[in-house]
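Scope of the values below: all heavy atoms of this structure, side chains included, with no hydrogens, waters or symmetry mates. None of these values were measured; they are calculated from a predicted model. Counting starts at 1 for both ligands and their atoms, in listed order.
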Amino acid sequence: MSLPSHPILVTGGNKGIGLEICRQLARLHYRVILSARSPERGQAAVARLAEEGLEVEFLPLDVGDEASIQTATRELARRHPALQALINNAAIAPARFGTILDATAREISETFTINTLGPILLIQALLPLLKAGKPSRVINVSSRLGSVQDMTDGWAAYGISKAALNAATRKLAPALAPQGVSINVASPGWVQTEMGGQEAPLSVEKGARNIVRLITEFPHDVTNRFFGEKDEIPW
Ligand SMILES: NC(=O)c1ccc[n+]([C@@H]2O[C@H](COP(=O)([O-])OP(=O)(O)OC[C@H]3O[C@@H](n4cnc5c(N)ncnc54)[C@H](OP(=O)(O)O)[C@@H]3O)[C@@H](O)[C@H]2O)c1
């Protein structure tokens with residue numbers, strides 16, 4: 001695959017899989033914009049990569065806040081004429097092991113706002129930049145726990161939000177295709193991060209690689225699919 005000339009925006013880039021996606025893309029000489037909701041945590045992550053000899057840009061962006069999405073979009077358009085890719089990585093997983101019978105309205109709605117609505121609103125806002133960078137692509141980082149075919153109890157709000165993100169991807173794919181933008185869902189696998197816990201089998205490097213490979217190995221016209229670590233996952 002040839003290197004994209006326009007930058008790639010990563011949400012939730014200050015830690016975990018998002019930070020490692022930024023690191024791996026920067027090592028491969030992609031232009032990376034690391035975004036984070038906390039300017040302090042985001043700048044600290046950028047500084048950490050700089051110490052490793054990797055230069056990435058910082059953009060403040062809270063995907064759970066519509067005003068922040070609009071501000072970040074304006075700032076991005078001021079800095080760059082186009083985007084090559086958007087990686088919707090940011091997410092939360094409150095009350096992870098809780099049963100759906102105990103899930104609170106607040107928990108469900110907050111998780112949906114960040115994990116599902118955020119990516120949709122961000123794609124809408126960034127569409128002019130993605131169109132300007134076409135062929136461009138969106139990767140929605142989802143989870144096996146969002147596969148409707150494979151639902152079990154636990155991770156209730158999170159599972160619902162990721163299933164809805166997958167459904168949104170199915171809606172977005174035909175809408176974006178005529179604009180020269182492809183969109184896929186990818187699960188990193190179960191990964192050792194704050195969200196995944198230390199008992200997870202995959203390192204953060206491996207988890208991030210499962211997302212980065214969609215940029216480095218997949219042709220631009222692959223769209224509307226749900227990729228796991230090795231195989232495709234049923235919707
Ligand atoms: N780890 C796993 O086993 C696993 C498995 C399947 C899927 N995934 C998916 O992989 C992605 C990354 O997960 P992770 O394991 O790296 O989680 P993590 O370590 O908890 O990191 C989550 C990242 O999202 C950011 N974030 C949360 N809410 C945000 C908001 N409103 N605006 C902007 N950023 C926000 C966090 O920022 P703060 O530091 O400010 O909170 C953090 O940078 C997620 O989409 C997750 O669902 C993970």
J.: Step by step, work out the salt bridge (charged side-chain N to carboxylate O under 4.0 Å, His left out) result for Arg209 and Glu20.
T.: CA-CA 8 Å; Arg209 206 152 40 238; Glu20 183 60 26; over 6 Å; no

J.: If you group Ile, Leu, Val, Met, Phe, Trp and Tyr by side-chain heavy-atom gaps below 4.5 Å, do Ile215 and Leu122 land in one group?
T.: no

J.: Restricting to side-chain hydrogen bond (donor to acceptor under 3.5 Å, both in side chains), what partner residues turn up for Asn88, sequence neighbours left out?
T.: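 Here the qualifying residues are Asn140.
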
J.: Would you call the rings of Phe227 and Phe218 parallel, tilted or perpendicular, where under 30° means parallel and over 60° means perpendicular?
T.: perpendicular

J.: Just to verify, what does Ser161 make a side chain to side chain contact (heavy atoms under 4.5 Å, CB included) with, not counting sequence neighbours?
T.: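 Testing Ser161 for side chain to side chain contact (heavy atoms under 4.5 Å, CB included), a comparison that skips the adjacent residues, returns Thr111, Asn115, Thr116.
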
J.: Can you list the residues that meet the side-chain hydrogen bond (donor to acceptor under 3.5 Å, both in side chains) rule with Glu52, with sequence neighbours excluded?
T.: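 Glu52 satisfies side-chain hydrogen bond (donor to acceptor under 3.5 Å, both in side chains) with Arg23 only.
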
J.: Who's touching ligand 1 if we go heavy atoms under 4.0 Å?
T.: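 Residues within 4.0 Å of ligand 1: Gly12, Asn14, Lys15, Gly16, Ile17, Arg37, Arg41, Leu61, Asp62, Val63, Gly64, Asn89, Ala90, Ala91, Ile92, Ile114, Val141, Ser142, Ser143, Tyr158, Lys162, Pro188, Gly189, Trp190, Val191, Thr193, Glu194, Met195, Gly196.
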
